[in-house]
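Here the structure is a predicted model, which is why all the values come from computation and not from measurement.
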Amino acid sequence: MTERQAYFIKRLDEITEQYKLTKKVIIFLEKYNKGNNSYLGPHNEVRNAYDHVMKMVTSKNDTDEVERQYQGA
């Protein structure tokens with residue numbers, strides 16, 4: 001594995017951990033709210049983060065761009 005690939009995988013793993021935590025929070029909010037409200041803000045942020053992750057994937061050979069997209073995600 002090249003250094004760039006290792007860097008990309010490391011960043012992707014970090015985002016994956018954030019996603020898992022966020023997913024748990026969203027599920028908690030949906031399960032325990034009394035008014036059956038939908039929380040659009042968190043869903044929109046997950047969607048925006050996904051866009052940054054996909055930009056990371058398409059730029060996986062450019063470490064600077066991977067870092068910019070990681071910060072955005």
### Query
Are I15 and M54 connected, step by step, through hydrophobic side chains (Ile, Leu, Val, Met, Phe, Trp, Tyr) whose heavy atoms are closer than 4.5 Å?
yes
### Task
Indicate if Y50 and V66 have the same hydrophobic cluster label, given that clusters are the connected sets of ILVMFWY residues with side-chain heavy-atom separations under 4.5 angstrom.
yes
### Query
Pairs in or reaching into residues 4-32: which pass ring-ring contact (aromatic ring centres under 6.0 Å, His included), with residues at least two apart or in two chains?
F28-Y32
Straight-line distance of [X] [atom1] to [Y] [atom2], nearest 0.5 Å:
{"X": "D64", "Y": "Q69", "atom1": "CG", "atom2": "CD", "result": "12.0 Å"}
{"X": "Y70", "Y": "M56", "atom1": "OH", "atom2": "CE", "result": "8.5 Å"}
{"X": "T22", "Y": "I27", "atom1": "OG1", "atom2": "CD1", "result": "11.0 Å"}
{"X": "N61", "Y": "Q5", "atom1": "CG", "atom2": "CD", "result": "7.5 Å"}
{"X": "K60", "Y": "I9", "atom1": "NZ", "atom2": "CD1", "result": "9.5 Å"}
{"X": "I26", "Y": "H43", "atom1": "CD1", "atom2": "NE2", "result": "5.0 Å"}

### Query
Looking at residues at least two apart in the chain, or sitting in another chain, which of them share a salt bridge (Lys or Arg N to Asp or Glu O under 4.0 Å) with R68?
E65
### Results of salt bridge (Lys or Arg N to Asp or Glu O under 4.0 Å) for E14 - residues two or more places apart only
K10, R11
### Query
Got more than 12 heavy atoms from elsewhere within 6.0 Å of CD, Q71?
yes
### Query
Between D51 and K55, is the closest basic N to carboxylate O distance under 4.0 Å?
yes
### Query
Counting distance only, does the side-chain N/O of N33 pair as donor-acceptor with the main-chain N or O of L29 below 3.5 Å?
yes
### Message
Testing the basics here: between A49 and A73, what is the closest heavy-atom pair and its distance to 0.1 Å?
### Response
CB-O, 3.8 Å
